[in-house]
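Notes follow the structure.
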Number of protein chains: 2
Amino acid sequence: MSKTAKSMGEQAHAMLRHQIISGAFAPEQPLRLAQLQERFGVGFSPLREALTRLTAEGLVTSEPMRGFRVAPLSQEDLRDTMETRAFVETEALRRSIRRGDDDWEARIVSSLHALGRQFERSGPDQPESLAALEERHRDFHFALVSASGSRRLEQIIDSLYVGSVRYRMPSLSNRQSTPARDLMAEHGAIADAALARDEALATCLLDEHYRLTAEMLSMAPAAPLGRTG
Amino acid sequence: MSKTAKSMGEQAHAMLRHQIISGAFAPEQPLRLAQLQERFGVGFSPLREALTRLTAEGLVTSEPMRGFRVAPLSQEDLRDTMETRAFVETEALRRSIRRGDDDWEARIVSSLHALGRQFERSGPDQPESLAALEERHRDFHFALVSASGSRRLEQIIDSLYVGSVRYRMPSLSNRQSTPARDLMAEHGAIADAALARDEALATCLLDEHYRLTAEMLSMAPAAPLGRTG
DNA sequence: GAATGCAAGATTTGCGAAAATCTGTTGATT
DNA sequence: AATCAACAGATTTTCGCAAATCTTGCATTC
């Protein structure tokens, strides 16, 4: 079961990606090669490849001869990203409701169940269960749109998810910032409407879900946006 | 005016990108480092960076320890890409019609004019004017949606354009493969509807434009799709 | 006193060689 | 005859150093 060690490039990519997403580096912070080499114990070449890939993913910015920085965050980008997610994912959900088979339904039921379990288990401040919760949440939303039949739509949804997860991470840790919101009920309602093949209701609920999320995140960002921190 | 020589990485990226888009490499063809090093006269590091970036753009695929290949083409991907373009760009056009100012209108008029001029000038088989025509075509479509106000939408449109241009390139060269189609008239009609702020008509025409393009490209691909060539 | 130019240090970028990995072939074994 | 192991060649991946470039601090000049 011990898989052969992945390439240094992939390792570096995964580690850096995780640390940026979880907020270990502040937005706009310079990412110096020497510093990263010491931190991760890999040479320049794999690091450069990792940073180039992260730049393409939008998590890192780069300027020629001036190195790499953690990509900035902003209220404007948060709003844009969530609106675009809503636009694209409602379409993918619509298509999935039309084309989804038994396996699609099963994926929704199973991922919703797993999300609920993790939600119960997740206490206030365990970084471990926090990452698990985020993964379950992601799985559920991907399951919803997993029968769209469009590879391109899936890729777009994936990249928009990456662009939004950094905003959600800090707010997940302090649970009190979700005042009058029953997340599991929202997710359950979306799943029910999808399984009932009610396009209008399901897409409307999903749209509202993202609107609420965007509002909540822009209200009380745990880390001030647009600062170098 | 002689700009300082760009970094080797950027040069390699631009050259490889151009050659892949213009079809100098067959789909699925392996891209060997040694071969590319000889062809472009740059070392391993810049080549690797270029290939990594192209992989993120979807023009190249990579498998760990097995190197890079030119990304495949397929009827299925062509259809998916054009449908997704239509879906995303009609929305961006809708928003642009609502929000577009005088500059937006000016960009449409000017890019349409330039496209028309280049269209007249473009003879049957000049690779130079062919590239220019493609660029004008691209500029016009980007101008149409340039007032959407959404950075994310712009990024998506850009990446989908890259994904579709390889299919159009071969068919542009043999003009007779566009039998009963007046491309300039189509573009003109779209521009008119946009400038008249007629959302329904403009988006409908744009959608139809992409549907026709997809049909035409899947009918008579100059190079057979899905073959190693 | 403020602005400019210069030098030293820090950082990114590029190159070639060494190490690790894969592929195809040959030869031995069942 | 078929299967498997090992070997040789080719290819990718990684590392360390040299070159190019940027930044910072300081002295000089107006």
Side-chain angles (χ1 to χ4, degrees), chain A residues 1-17 19-20 24-72 228, chain B residues 1-20 24-72 228-229:
Chain A
M1 214 44 170
S2 71
K3 65 172 63 174
T4 65
K6 284 192 170 182
S7 76
M8 302 299 250
E10 303 229 352
Q11 272 185 268
H13 173 74
M15 287 192 288
L16 248 173
R17 190 176 201 275
Q19 299 216 354
I20 290 175
F25 297 101
E28 317 225 21
Q29 174 182 338
L31 296 167
R32 298 273 150 70
L33 274 315
Q35 160 198 350
L36 297 176
Q37 180 177 35
E38 190 172 0
R39 184 192 270 242
F40 295 120
V42 299
F44 285 160
S45 307
L47 276 179
R48 252 182 113 52
E49 175 177 334
L51 287 166
T52 303
R53 286 172 64 179
L54 290 167
T55 301
E57 291 179 56
L59 291 171
V60 163
T61 63
S62 83
E63 281 189 280
M65 283 295 167
R66 299 198 40 188
F68 300 86
R69 295 171 162 270
V70 178
T228 313
Chain B
M1 214 42 172
S2 71
K3 66 173 65 174
T4 66
K6 283 192 173 184
S7 77
M8 302 301 252
E10 302 227 353
Q11 272 186 268
H13 173 74
M15 288 192 289
L16 249 173
R17 190 175 200 272
H18 185 264
Q19 299 216 353
I20 290 175
F25 297 101
E28 316 223 23
Q29 174 182 338
L31 296 167
R32 299 272 151 69
L33 273 316
Q35 161 199 348
L36 297 176
Q37 183 177 33
E38 191 172 359
R39 184 193 269 244
F40 295 120
V42 298
F44 286 149
S45 309
L47 278 179
R48 219 155 189 339
E49 175 178 334
L51 288 166
T52 303
R53 287 172 62 178
L54 290 167
T55 301
E57 290 180 56
L59 291 170
V60 163
T61 63
S62 82
E63 280 189 281
M65 284 295 171
R66 298 196 43 187
F68 300 86
R69 295 171 162 270
V70 178
T228 313

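Naming convention: chains lettered A, B, ... in sequence-line order (proteins, then strands); numbering from 1 in each chain. Just so you know, these numbers come straight off a predicted model, no measurement behind them.
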- Query: Rounded to the Å, how far apart are B:Leu31 CG and D:dT13 C1'?
  - Reply: 17 Å

- Within the distance-only criterion (no hydrogens, no angle test), does the side chain of A:Glu49 pair as donor or acceptor with the backbone N or O of A:Pro46 below 3.5 angstrom? no

- Message: Rounded to whole Å, please give me the gap between CG in A:Leu36 and C1' in C:dT13.
- Response: 16 Å

- Query: Under 4.0 Å between a side-chain N/O of B:Arg32 and OP1 or OP2 of D:dT11, yes or no?
  - Reply: yes

- Query: How long is the line joining CZ of A:Phe44 and P of D:dG16, in whole Å?
  - Reply: 10 Å

- Nucleotide D:dT13, atom P - distance to CD of B:Gln37 in whole Å: 15 Å

- Do B:Gln19 and B:Arg39 pass the side chain to side chain donor-acceptor pair (under 3.5 Å) test, and can you show the C-alpha distance, the side-chain angles, and the key distance before you say yes or no? CA-CA 12 Å; B:Gln19 299 216 353; B:Arg39 184 193 269 244; 2.4 Å; yes

- Task: Compare every heavy atom of A:Pro64 with every heavy atom of B:Glu10, then report the nearest pair and how far apart it is.
- Result: OE2-CG, 3.9 Å

- Message: Distance check needed: D:dT21 C1' versus A:Leu33 CG, whole Å only.
- Response: 14 Å

- Message: Expressed as a whole number of angstroms, how long is the span from A:Gln29:CD to C:dT11:P?
- Response: 13 Å

- According to a strict under-4.0 Å criterion, is A:Arg48 in side-chain N/O contact with OP1 or OP2 of C:dT13? yes

- Side-chain ion pair, B:Glu57 and B:Arg17, N-O less than 4.0 Å: yes

- Note on the structure: Picking from D:dC15, D:dT21, C:dG14, the nucleotide nearest the side-chain atoms of A:Met65 would be D:dT21

- How long is the line joining CZ of B:Arg69 and C1' of D:dT11, in whole Å? 13 Å

